[in-house]
Amino acid sequence: YFFNKYVLKTVSAETMPLSVGKFAHEVIELYNKALMAAKTESDIDLFRDIISEQWEQQNNIPDTMYEDINAFLLTFAERHVIDPKHIYGAEMAIALDWDCKEVTWDSPDAWLRVKLDEVSIYGVLAQITDYKTAFYAPSEAELSKTSQGKIYALVFSKLNPYLTEFKVI
């Protein structure tokens, strides 16, 4: 992906799913952060504006894919609601060193880096939402058994020791 995008300045058929996933995550990140700033649960018109603006700025995905990607993302937006009172962050980039202390993302001491798509706090419970932008999205039960979800909970717990419960969806 890196070689194709930054050296060849092209996206191959093999890396197209990565480009589409990256685009989707960027749109969702901007949307969630805008909802957080506005302290509102949802706003489909705002989502449409963000998709349109981001599409105009991107140059990796062919225009022929726009309708399908737009439909996919609008379906997400129609079902997506945040809880403004409990949302803690969106697309949180966290890096830890070997001692599980937070370091900057680009630090040479970073041992583990994660991006948490959405985190909400309910008392001592942290709910970590991992958006899946691929064609297959694991069920909540499957996701709770993966090491990815456990790592997300571990990383967030190191920064927030008062939290005692974690749910990854």
Side-chain angles (χ1 to χ4, degrees), residues 1-84 87-96 102-120 127-140 142-143 146-149 151-152 155-156 159 168-169:
Y1 175 80
F2 182 88
F3 181 77
N4 283 335
K5 180 173 182 182
Y6 297 103
V7 177
L8 298 178
K9 300 201 184 299
T10 184
V11 177
S12 69
E14 293 82 27
T15 60
M16 185 57 64
L18 292 172
S19 293
V20 171
K22 187 175 185 311
F23 175 79
H25 270 269
E26 288 170 355
V27 168
I28 294 167
E29 173 186 0
L30 291 170
Y31 181 57
N32 277 340
K33 287 181 176 180
L35 291 177
M36 288 171 60
K39 296 181 177 22
T40 189
E41 294 179 348
S42 66
D43 183 337
I44 196 71
D45 292 327
L46 172 64
F47 195 82
R48 285 187 176 105
D49 291 344
I50 291 170
I51 291 173
S52 179
E53 290 170 15
Q54 289 304 108
W55 188 262
E56 292 301 317
Q57 294 176 19
Q58 72 83 30
N59 59 3
N60 294 322
I61 306 168
D63 286 338
T64 55
M65 296 182 71
Y66 176 76
E67 292 303 322
D68 289 338
I69 294 169
N70 187 51
F72 169 74
L73 287 172
L74 283 174
T75 298
F76 165 84
E78 289 166 354
R79 298 176 183 162
H80 180 65
V81 175
I82 68 164
D83 182 345
I87 192 161
Y88 181 84
E91 282 298 316
M92 297 174 60
I94 302 171
L96 300 179
E102 187 172 19
V103 294
T104 62
W105 186 262
D106 295 327
S107 170
D109 295 327
W111 163 70
L112 180 62
R113 293 178 182 94
V114 299
K115 285 206 176 182
L116 304 179
D117 295 337
E118 181 185 321
V119 178
S120 294
Q127 180 175 293
I128 302 169
T129 303
D130 183 26
Y131 299 122
K132 297 299 180 188
T133 56
F135 290 105
Y136 172 73
S139 68
E140 188 175 325
E142 289 174 300
L143 191 59
T146 68
S147 58
Q148 181 182 13
I151 290 168
Y152 286 173
V155 168
F156 201 67
L159 302 180
V168 180
I169 56 173

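Worth saying up front: this structure is predicted, and the values here are computed from it rather than measured. Starting from 1, each residue takes its place in the sequence as its number.
- Counting heavy atoms from C-beta outward, Y152 and M92 have side chains that stay 4.5 Å or more apart.
- L116 has its side chain out of reach of E91: every pair of non-hydrogen atoms, C-beta onward, lies at least 4.5 Å apart.
- To the nearest 0.5 Å, the span separating CG on L30 from CD on E53 amounts to 8.5 Å.
- The structure places OH of Y88 at 11.0 Å from CD1 of I128, a figure rounded to the nearest 0.5 Å.
- Listed by first and then second residue, the salt bridge (charged side-chain N to carboxylate O under 4.0 Å, His left out) pairs that reach into residues 24-37 are K22-E26, E29-K33, sequence neighbours excluded.
- Partners of P62 by side chain to side chain contact (heavy atoms under 4.5 Å, CB included), not counting sequence neighbours, listed by chain and number: M16, T64, M65.
- For D63, the side-chain hydrogen bond (donor to acceptor under 3.5 Å, both in side chains) partners at least two apart in sequence or on another chain are W55.
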Could you list the donor-acceptor pairs under 3.5 angstrom formed by side chains in residues 40-50, with sequence neighbours left out?
residue : atom : partner : partner atom : Å
D43     : OD1  : D45     : N            : 3.2
D43     : OD1  : L46     : N            : 3.0

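- No side-chain donor-acceptor contact under 3.5 Å links R113 to the backbone of A93.
- One finds the CD1 atom of I69 at 7.5 Å from the CD atom of Q58 (value rounded to the nearest 0.5 Å).
- Y31 meets the side-chain hydrogen bond (donor to acceptor under 3.5 Å, both in side chains) test with no other residue; sequence neighbours excluded.
- Side-chain atoms of D117 and I28, non-hydrogen and from C-beta on, never get closer than 4.5 Å to each other.
- The side-chain heavy atoms of L96 and V114, taken from C-beta on, include no pair separated by under 4.5 Å.
- In terms of the side chain to side chain contact (heavy atoms under 4.5 Å, CB included) criterion, residue partners of M36 (sequence neighbours excluded) are, by chain and number, I82, I87, A90.
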Could you give me the CA-CA distance, side-chain angles and deciding distance for Q148 and V168, then say whether side-chain contact (heavy atoms from CB on, under 4.5 Å) is met? CA-CA 9 Å; Q148 181 182 13; V168 180; over 6 Å; no
Test side-chain contact (heavy atoms from CB on, under 4.5 Å) applied to I51 and L74, step by step: CA-CA 9 Å; I51 291 173; L74 283 174; 4.2 Å; yes
